[in-house]
Amino acid sequence: MLEANKQKMKYSKQGEKVTIYKRGDDGSIIYDTIGGEMIPQIEREAIGFSDPVLFSANISNKLSEVLVKEFGIDDSSSYCQIVTDKGYLPIKAGDIVWKKSDVGRDSDGLVDDKTADYVVKGVADEGLTVDLFLLQKKVK
């Protein structure tokens, strides 16, 4: 892929096991001291989004003919595509991507998917040298 056209973005994978820590009234994590080591108190574990990962890729609002045919897109105005070298990105449908916005966190400190710019709607990975990712813009 042409390096000059790549843009920095972040992705977060859905369905990841995340830890929610106990917090004090001021919102800071509560710790126990065990053997001289500070260990955060765990409140519970939940399923959420992974910590965001920085990547660079080509992104375009001009959908390839492959994506239009494969996913039956009639109105491409709310979609865009990422094109990467084969196997470069481990994302799948349902994962989220930030391009312009900052990653937000909820009151538990977990990734807030509402702050993402895009949601991955599909992956066309049948090509020999590239993978195509169909992204839908999120309305904020």
Side-chain angles (χ1 to χ4, degrees):
M1 297 284 127
L2 189 60
E3 290 296 318
N5 292 336
K6 290 185 178 181
Q7 298 181 46
K8 290 185 181 193
M9 295 172 268
K10 292 180 180 176
Y11 70 82
S12 180
K13 297 179 66 58
Q14 71 167 346
E16 299 292 309
K17 189 172 163 183
V18 292
T19 303
I20 298 170
Y21 298 101
K22 289 184 182 178
R23 296 182 180 270
D25 293 336
D26 64 353
S28 62
I29 296 173
I30 299 171
Y31 292 86
D32 288 328
T33 304
I34 301 172
E37 189 176 344
M38 300 284 287
I39 308 289
Q41 290 184 9
I42 296 174
E43 184 175 315
R44 71 186 193 288
E45 291 188 336
I47 302 299
F49 286 89
S50 67
D51 280 333
V53 175
L54 185 65
F55 72 100
S56 295
N58 295 313
I59 185 168
S60 171
N61 61 357
K62 185 174 182 332
L63 298 184
S64 71
E65 194 173 318
V66 172
L67 283 178
V68 171
K69 284 182 182 176
E70 184 165 336
F71 296 106
I73 304 298
D74 290 333
D75 177 20
S76 64
S77 63
S78 66
Y79 292 92
C80 62
Q81 72 178 4
I82 289 178
V83 180
T84 67
D85 290 329
K86 188 78 178 158
Y88 172 67
L89 282 178
I91 59 177
K92 60 186 182 333
D95 294 342
I96 51 179
V97 175
W98 292 265
K99 181 180 172 224
K100 294 181 181 176
S101 301
D102 291 328
V103 174
R105 303 259 178 192
D106 65 16
S107 60
D108 290 321
L110 303 178
V111 172
D112 184 355
D113 64 312
K114 294 176 190 75
T115 64
D117 297 312
Y118 304 97
V119 62
V120 179
K121 296 306 274 186
V123 179
D125 58 1
E126 292 81 13
L128 296 176
T129 59
V130 297
D131 290 331
L132 302 173
F133 301 90
L134 176 66
L135 306 181
Q136 185 174 26
K137 296 174 189 170
K138 293 185 76 171
V139 178
K140 297 185 195 183

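As a basis for the values below, the full set of heavy atoms in this structure was taken, side chains included, without hydrogen atoms, waters or symmetry mates. Counting from 1, the numbers follow the sequence of the chain as shown.
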For M38, the rest of its hydrophobic cluster, which grows through side-chain links under 4.5 angstrom: Y21, I29, Y31, I42
Using the rule that Ile, Leu, Val, Met, Phe, Trp and Tyr join whenever any side-chain heavy atoms are under 4.5 Å apart, tell me whether V103 and F55 fall into a single cluster. no
Does K13 use its side chain to pair, donor to acceptor, with the backbone of I96 at less than 3.5 Å? no
Around atom NZ of K92, are there more than 12 heavy atoms from other residues, nucleotides or ligands closer than 6.0 Å? yes
OG1 on T19 to CD on E43, rounded to 0.5 Å: 11.5 Å
Where T115 and G104 come nearest, the two heavy atoms and their spacing: OG1-N, 2.9 Å
If you count the non-hydrogen atoms of other residues, nucleotides and ligands that lie under 6.0 Å from CD in E45, is the total more than 12? yes
Considering residues, nucleotides and ligands other than D32, do more than 12 of their heavy atoms fall under 6.0 Å from its CG? yes
Is any side-chain N of the basic residue among D108 and K22 closer than 4.0 Å to the acidic one's carboxylate O? no
Hydrophobic clusters here meaning ILVMFWY residues chained together by side-chain heavy-atom distances under 4.5 Å, can you tell me if L89 and V53 are in one? yes
At what distance, to the nearest 0.5 angstrom, does OG of S101 lie from CG of D112? 11.0 Å
Is the count of non-hydrogen atoms from other residues, nucleotides or ligands lying under 6.0 Å from D25 atom CG greater than 12? no
If you measure only the distance, is there a donor-acceptor pair under 3.5 Å linking the side chains of Q14 and D95? no
Under a 4.0 Å N-O cut-off, is there an ion pair linking D131 with K86? yes
Looking only at heavy atoms, the pair that brings P52 and R105 closest together is CD-NH2, 3.9 Å
For the atom pair NZ (K99) and CD1 (I59), what is the distance rounded to the nearest 0.5 Å? 5.5 Å
ring-ring contact (aromatic ring centres under 6.0 Å, His included) with F49: which residues, sequence neighbours excluded? none
